[in-house]
Amino acid sequence: MSVIQLNDNNFNEEIAHGITMVDFYADWCGPCKMFSPVIEEFSQDSTIKVGKLNVDQAQQTAMKYNVMSIPTVIIFKDGQPVKTQVGFVPKEQLEAM
């Protein structure tokens with residue numbers, strides 16, 4: 001499964017059903033750049049939906065979920081946040097979430 005690019009307009013629709021892992025990031029963020037290949041690899045090996053949300057372009061959504069540091073990964077189940085991980089983590093830790 002490929003990574004879905006999320007924004008303020010499509011976010012709620014994309015996370016509404018099932019389990020979705022969302023990577024909150026910014027283009028200028030060094031740790032986010034290091035984390036991006038991990039997210040890509042995870043999405044290829046995973047059965048859950050994976051999305052990326054640029055916090056600079058989707059500030060409304062980032063504020064709604066209190067994303068203060070990036071990268072932040074939030075796992076949503078049927079539209080509700082159930083688990084949050086702040087900072088870079090290896091793929092194995094994402095799988096454990």
Side-chain angles (χ1 to χ4, degrees):
M1 203 180 273
S2 61
V3 176
I4 300 161
Q5 191 60 49
L6 300 170
N7 57 51
D8 284 340
N9 296 326
N10 71 355
F11 189 84
N12 290 332
E13 181 182 328
E14 291 290 348
I15 69 161
H17 304 289
I19 298 174
T20 307
M21 184 178 81
V22 179
D23 172 28
F24 291 80
Y25 76 100
D27 291 333
W28 49 264
C29 165
C32 299
K33 290 177 185 173
M34 290 176 8
F35 197 36
S36 191
V38 175
I39 293 291
E40 287 289 337
E41 185 180 339
F42 178 85
S43 73
Q44 298 303 318
D45 299 342
S46 178
T47 56
I48 69 168
K49 186 188 290 189
V50 178
K52 290 177 70 77
L53 183 115
N54 185 320
V55 297
D56 290 333
Q57 296 170 359
Q59 294 178 357
Q60 185 178 356
T61 301
M63 287 189 324
K64 179 178 178 181
Y65 294 102
N66 297 317
V67 175
M68 301 295 182
S69 300
I70 49 175
T72 291
V73 170
I74 302 177
I75 296 180
F76 295 87
K77 183 173 182 186
D78 297 327
Q80 298 302 312
V82 293
K83 184 118 174 116
T84 301
Q85 173 66 51
V86 178
F88 178 90
V89 293
K91 182 180 167 208
E92 297 74 28
Q93 197 166 335
L94 287 179
E95 291 168 343
M97 287 175 64

Quick one: CZ on Phe42 to CD on Gln93, what's the gap to the nearest 0.5 Å?
12.0 Å

Hey, mind stepping through Ile39 and Val50 against side chain to side chain contact (heavy atoms under 4.5 Å, CB included) and telling me if it holds?
CA-CA 8 Å; Ile39 293 291; Val50 178; 3.7 Å; yes

Tell me which donor-acceptor pairs under 3.5 Å the side chains of residues 12-24 have, and how far apart each pair is, sequence neighbours excluded?
residue : atom : partner : partner atom : Å
Glu14   : OE1  : Lys49   : NZ           : 3.1
Asp23   : OD2  : Lys52   : NZ           : 2.9

Linked, directly or transitively: Val82 and Met97 (ILVMFWY side chains, under 4.5 Å):
yes

Distance col, row Leu53:CG vs Tyr25:OH, nearest 0.5 angstrom, shows 7.5 Å

Indicate every side-chain donor-acceptor pair of residues 57-77 with a distance under 3.5 Å to a residue at least two apart or in another chain.
residue : atom : partner : partner atom : Å
Thr61   : OG1  : Asp8    : OD1          : 2.6
Thr72   : OG1  : Ser69   : O            : 2.4

Looking at Ser36 and Lys33, would you say the former's side chain and the latter's main chain have a donor-acceptor pair under 3.5 Å?
no

From Lys91 NZ over to Asp45 CG, what is the distance, rounded to the nearest 0.5 angstrom?
3.5 Å

Sidechain-backbone polar pair: Asn54 side chain, Gln5 backbone, donor-acceptor under 3.5 Å
no

